[in-house]
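The next block holds one structure in the form of structure tokens; read it before the comments.
Only heavy atoms go into these numbers, but all of them, side chains included; no hydrogens, no water, no symmetry mates. Reminder, nothing fancy here: chain letters follow the sequence lines and each chain counts from 1.
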Protein chains: 2
Amino acid sequence: MRTAEREGRGRVPAHPEVGDVSLQQVLEALVDPVRRGIVRELYASDEDRACGTFDLTVSKSTATHHFNVLREAGLIRQRYVGTSRMNTLRRNEIEAVFPGLLDALLARGEA
Amino acid sequence: MRTAEREGRGRVPAHPEVGDVSLQQVLEALVDPVRRGIVRELYASDEDRACGTFDLTVSKSTATHHFNVLREAGLIRQRYVGTSRMNTLRRNEIEAVFPGLLDALLARGEA
DNA sequence: ATCGAAGTTCGATGGTGATCATACTTCGAT
DNA sequence: ATCGAAGTATGATCACCATCGAACTTCGAT
């Protein structure tokens with residue numbers, strides 16, 4: 001198999017199993033308001049979203065950093081489509097491992 | 001009224017309304033594993049607990065700092081009894097403002 | 001009135017993480 | 001084959017925060 005490891009540009013980035021991620025890591029990911037904003041947008045839209053389509057207040061390189069942190073915490077799944085990197089919330093997996101967490105964090109309209 | 005402001009040593013420390021605390025502040029309080037351990041013990045015991053009775057891995061001065069952070073985030077209530085400072089979880093108030101949050105964070109046996 | 005127990009206060013320190021600019025890569029479109 | 005758009009990599013900077021020790025305060029008990 002050759003194509004399985006590639007999709008778009010470069011290697012497919014590492015996506016841990018949500019069950020292998022510690023609560024500590026998840027909280028460290030979600031304590032940042034920019035990242036919580038990303039998760040909130042994904043939670044609301046329920047569609048693939050390219051990194052560039054988010055309403056972010058930080059530079060592109062910082063945005064890349066935040067998306068990486070979210071992916072490594074098992075919160076989002078990323079894949080390439082052309083030059084765009086599409087993002088989805090791993091909602092069901094998160095709910096299975098951390099039941100109620102996303103709802104509790106996103107319930108209020110807060111950033 | 002004179003005694004209302006005093007109870008045990010010094011002034012009664014400031015306890016914000018939970019509704020006035022931002023989710024950001026609550027998360028910043030709960031992202032620290034030592035503080036989450038304190039909350040977990042309070043959640044399990046459901047009784048007043050003196051600071052010194054907790055199973056903490058840090059020095060006394062650091063412990064004081066952590067309890068202060070939790071109080072200022074609206075998560076615990078503190079009062080003096082003799083030289084001891086007793087702590088309770090503000091469970092109902094937290095549940096009213098951030099429903100499901102404590103359960104989601106403390107569900108797993110994780111620190 | 002003394003002593004110890006329980007916390008507090010006060011700097012100092014060290015590590016971590018968010019941020020940015022710059023340079024670079026990769027892809028699609030022309 | 002070139003160009004621009006979308007992101008990535010890298011290195012630097014900066015602020016914040018957890019941590020500690022040492023000195024201090026306050027209270028109850030003797």
Once you apply a heavy-atom cut-off of 4.0 Å, does B/Asp32 come out as touching a base, just sugar-phosphate, or nothing?
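Result for B/Asp32 = sugar-phosphate.
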Sugar-phosphate only, base, or nothing, as touched by A/Ala63 at under 4.0 Å among non-hydrogen atoms:
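Result for A/Ala63 = nothing.
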Please check the phosphate of D/dC20 (OP1 and OP2 only) for any side-chain N or O of B/Thr62 closer than 4.0 Å.
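For D/dC20, OP1/OP2 do have a side-chain N/O of B/Thr62 under 4.0 Å.
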Strictly below 4.0 Å: does A/Thr83 bring a side-chain N or O up to OP1 or OP2 of C/dG28?
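It does not, given that no N or O in the side chain of A/Thr83 lies less than 4.0 Å from OP1 or OP2 of C/dG28.
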Classify the side chain of A/Ser59 versus the base of C/dA21 as yes if they form a donor-acceptor pair under 3.5 Å and no if they do not.
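A donor-acceptor contact between them is absent.
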Distance in Å, A/Leu23 CG paired with B/Glu110 CD, rounded so as to fall on 0.5 Å steps:
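So the gap between those two atoms works out to 5.0 Å.
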Kindly compute the distance separating CD1 (B/Ile76) from CZ (B/Arg91), expressed to the nearest 0.5 Å.
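B/Ile76 atom CD1 to B/Arg91 atom CZ measures 14.0 Å (nearest 0.5 Å).
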[atom1] of [X] versus [atom2] of [N]: gap in Å, rounded?
X: A/Leu30; N: C/dG17; atom1: CG; atom2: C1'; value: 16 Å
X: A/Leu56; N: D/dG7; atom1: CG; atom2: P; value: 10 Å
X: B/Arg35; N: D/dT19; atom1: CZ; atom2: P; value: 8 Å
X: B/Ile38; N: D/dA18; atom1: CD1; atom2: C1'; value: 13 Å
X: A/Met86; N: C/dT26; atom1: CE; atom2: P; value: 21 Å
X: B/His65; N: D/dA22; atom1: NE2; atom2: P; value: 20 Å
X: A/Phe67; N: D/dA6; atom1: CZ; atom2: C1'; value: 12 Å
X: A/Tyr80; N: D/dA5; atom1: OH; atom2: C1'; value: 14 Å

Are the charged groups of B/Arg77 and B/Glu93 less than 4.0 angstrom apart, N to O?
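Yes, B/Arg77 and B/Glu93 are salt-bridged.
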Verify, without hydrogens or angle tests, whether B/Glu41 (side chain) and B/Asp55 (backbone) share a donor-acceptor contact under 3.5 angstrom.
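Yes.
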Dot-bracket for DNA chain C, please, read 5' to 3', with Watson-Crick or G-U wobble pairs under 3.5 Å on both distances, ( ) within the strand, [ ] crossing, | other strand, . unpaired.
||||||||||||||||||||||||||||||
Side chain of [X] only, heavy atoms from C-beta on: which candidate in [options] is closest?
X: B/Val58; options: C/dC20, D/dC20, C/dA18; value: D/dC20
X: A/Val34; options: C/dT19, C/dG7, D/dG7; value: C/dT19
X: B/Lys60; options: C/dT19, C/dG7, D/dT19; value: C/dG7
X: A/Ser61; options: D/dT19, D/dT10, D/dG21; value: D/dT10
X: B/Ser84; options: D/dT19, C/dT22, C/dG7; value: C/dG7

Under a 4.5 Å cut-off applied to non-hydrogen side-chain atoms, are B/Gln78 and B/His15 in contact?
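Sidechains of B/His15 and B/Gln78: in contact.
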Modelled atom types, side-chain donor and acceptor of A/Ser59 and A/Thr62, under 3.5 Å:
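The answer is yes; a qualifying pair exists.
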With A/Leu75, which of A/Ile38, A/Val26, A/Val18, A/Val21 fulfils side chain to side chain contact (heavy atoms under 4.5 Å, CB included)?
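Considering A/Ile38, A/Val26, A/Val18, A/Val21, a side chain to side chain contact (heavy atoms under 4.5 Å, CB included) with A/Leu75 is found only for A/Val26.
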Do you know which of B/Thr88, B/Asn87, B/Asp48 makes side chain to side chain donor-acceptor pair (under 3.5 Å) with B/Arg79?
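Among B/Thr88, B/Asn87, B/Asp48, the one meeting side chain to side chain donor-acceptor pair (under 3.5 Å) with B/Arg79 is B/Asp48.
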